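Keep in mind that this is a model prediction, so the values were computed, not measured. Both ligands and their constituent atoms are indexed starting at 1 by order of listing.
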Amino acid sequence: MGLVKILVVGGGGREHAIVRALAREKGSPHEIHAAGGNPGMAASGATLHPDLDPCDPGAVVALAREAAADLVVIGPEAPLVAGVADALQDAKIPVFGPTAAAARLEGSKAFAKEVMAAAGVPTAAARVATTPEQVAAALDEFGAPFVVKDDGLAAGKGVLVTTDREAALAHGAACLAGGGQVVVEDFLDGPEVSLFVICDGQDAVPLQAAQDFKRALDHDEGPNTGGMGAYSPLDWAPADLSAQVVSQVARPVLAEMARRGTPYVGVLYVGLAMTSRGPRVVEFNARFGDPETQVVLPLLATPLSTVLLAAATGTLASLPPLEWHPRYAVNVVLAAEHYPQTPRLGDPLRGVARAATTPGVHVLLAGARVEGEALLSAGGRVLSVVGEGDTLAEARRRAYQAIALVDLPGSHYRSDIAGKAERGEIAC
Ligand code: GLY
């Protein structure tokens with residue numbers, strides 16, 4: 001493919017990973033623009049449009065036209081739910097990302113459950129509650145551990161899993177007080193897997209699976225976060241997992257969404273629990289996962305732009321099988337003090353360049369900004385340090401060696417990302 005002009009919407013670590021993957025494609029230079037964006041994306045070759053509101057459909061269409069974009073890639077969920085993909089489709093600009101109606105698979109947990117039921121997708125039993133009394137009844141029906149989900153978007157922080165009934169009731173009440181409804185689910189045991197399935201409305205192509213670490217602290221303790229680290233591939237997962245998910249989950253969901261008149265184009269992020277009864281869907285997201293994207297994309301040998309453009313133009317069926325580098329990647333997220341509650345911002349971030357020159361390591365920025373000569377923290381998840389290696393142990397060692405070189409006052413990171421997998425302690 002010759003020069004392709006690509007506009008990436010969003011400015012987090014996931015979008016930096018997308019820009020980096022596009023910029024590193026061999027033999028096919030792209031002109032990359034970022035609506036929003038962060039300094040890392042600029043360093044990876046993107047032209048930033050920092051003042052553009054990624055959730056303003058008209059503004060994104062105008063920028064795509066101005067940049068003569070051949071493809072727009074929407075990173076985060078908020079622009080999807082705001083209808084940015086709809087506006088681009090109306091303007092006849094190829095877009096990777098679902099319409100607002102299709103993005104309800106993430107935007108409403110209750111809607112996702114309804115589609116899963118209609119499509120026969122294996123998932124946990126669930127009840128939708130609109131009053132505290134209904135929440136309490138559902139908690140008692142399923143018993144502990146309790147799973148209470150905010151129905152709407154909550155940046156990955158709307159889910160509470162607890163054995164404390166009072167805490168479950170309080171979370172339900174807080175979600176209801178925000179004006180939404182609550183989904184209470186049966187608990188699914190077993191290790192979790194994130195599988196990204198690229199969809200063009202009809203066809204589905206899975207990427208390599210990853211595992212993400214959602215709790216803030218080691219040993220899966222502390223509050224839920226957007227994700228504190230990830231690794232890929234998963235040697236412990238069944239070899240036919242992707243094929244199972246495509247046939248039992250992605251294709252039935254695509255058919256159901258098409259039947260409803262809202263075909264799904266973009267990435268269907270399938271969050272799975274590997275239960276004793278087989279894989280069960282925990283949740284859908286309508287976009288790439290963060291921080292899993294940061295470990296999946298560096299391993300993809302097929303040019304990312306060809307995959308995304310094929311999805312956006314409904315031609316996945318003619319895409320050759322994806323190729324992968326036979327390596328491992330581990331991502332450790334550096335978070336600001338007090339993340340995920342009220343992260344402290346504006347602190348100096350030092351040592352990033354040194355970390356990035358560690359062999360087999362790259363750094364992806366997320367909540368960071370430049371002020372004068374200084375790099376400052378500007379978000380809860382500040383950056384990702386990604387280590388790659390021929391073994392999981394090597395990738396992990398490199399990531400941890402490098403993150404130790406980064407200095408941000410009060411910051412924290414988990415020390416056990418991919419630890420159990422390295423020690424062979426995960427089975428399903
Ligand atoms: N890694 C969790 C998410 O992207 O929602």
Side-chain angles (χ1 to χ4, degrees), residues 8-18 54 73-81 96-98 103-109 112 123 147 149-161 183 185 188 191-198 206-217 220 222-234 237 245 266-274 281-298 329-335 339-340 364 366-367 379-386 399 413-414 416-418 421:
V8 176
V9 177
R14 164 186 47 214
E15 289 75 32
H16 188 182
I18 292 170
V73 181
I74 301 179
E77 58 273 29
L80 297 169
V81 171
F96 181 82
R104 283 187 74 213
L105 280 180
E106 171 164 4
S108 166
K109 306 281 179 232
T123 185
V147 182
K149 296 182 174 180
D150 194 333
D151 178 53
L153 291 182
K157 293 160 216 149
V159 179
L160 181 70
V161 180
V183 177
E185 290 186 10
L188 295 174
E192 292 198 3
V193 170
S194 301
L195 189 73
F196 304 151
V197 185
I198 306 293
L207 302 187
Q208 207 162 260
Q211 191 176 45
D212 151 36
F213 294 73
K214 293 203 175 70
R215 301 280 187 152
L217 306 175
D220 293 326
N224 253 342
T225 70
M228 294 295 289
Y231 67 95
S232 181
L234 312 180
V245 171
V267 58
L268 181 66
Y269 165 153
V270 184
L272 295 159
M274 304 301 294
V281 174
V282 176
E283 65 173 2
F284 287 141
N285 291 312
R287 35 100 196 152
F288 284 112
D290 186 344
E292 301 97 313
T293 303
Q294 289 91 315
V295 290
V296 173
L297 294 189
V330 173
N331 171 15
V332 184
V333 170
L334 184 80
Y339 173 78
L364 299 167
R381 288 187 294 175
V382 179
L383 56 78
S384 282
V385 175
V386 181
Y413 59 85
R414 279 183 63 158
D416 62 347
I417 305 299

Inset, instruction - Please report the C-alpha distance between Ile74 and Phe96 in whole Å, then the side-chain angles of each, then the deciding distance to 0.1 Å, and finally whether the side chain to side chain contact (heavy atoms under 4.5 Å, CB included) criterion is met. - result: CA-CA 6 Å; Ile74 301 179; Phe96 181 82; over 6 Å; no
Inset, instruction - With the side chain counted from C-beta on, respond yes when Tyr413 and Val333 share a heavy-atom pair under 4.5 Å apart, and no when they do not. - result: no
Inset, instruction - Using atom types as modelled and distance alone, determine if a side-chain donor or acceptor of Arg381 lies under 3.5 Å from a backbone N or O of Gly226. - result: yes
Legend entry - 4.0 Å heavy-atom contact, Pro291 with ligand 1: yes
Legend entry - Sub-4.0 Å heavy-atom approach of Gly226 to ligand 1: yes
Legend entry - Atoms in ligand 1 flagged as close to Gly289, the criterion being non-hydrogen separation under 4.0 Å: 4 (O)
Inset, instruction - Check each atom of ligand 1 against the heavy atoms of Asn285 and keep those under 4.0 Å away; list them by number with element. - result: 5 (O)
Legend entry - Flag, side chain of Thr123 to backbone of Val281, donor-acceptor distance under 3.5 Å: yes
Legend entry - Test item, Tyr269 contacting ligand 1 (heavy atom, 4.0 angstrom): yes
Legend entry - Contacting atoms of ligand 1, where contact means under 4.0 angstrom from a heavy atom of Asp212: 1 (N), 2 (C)
Inset, instruction - Check each heavy atom of Arg287 against ligand 1 and say whether those closer than 4.0 Å belong to the side chain, the backbone, both or neither. - result: side chain
Inset, instruction - May I ask you to decide whether Glu192 forms a salt bridge with Lys214, counting only side-chain N to carboxylate O separations under 4.0 Å? - result: yes
Legend entry - Within-4.5 Å side-chain heavy-atom neighbours: Tyr231 and Asn331: no
Legend entry - Sub-3.5 Å N/O-N/O distance, Glu283 and ligand 1: no
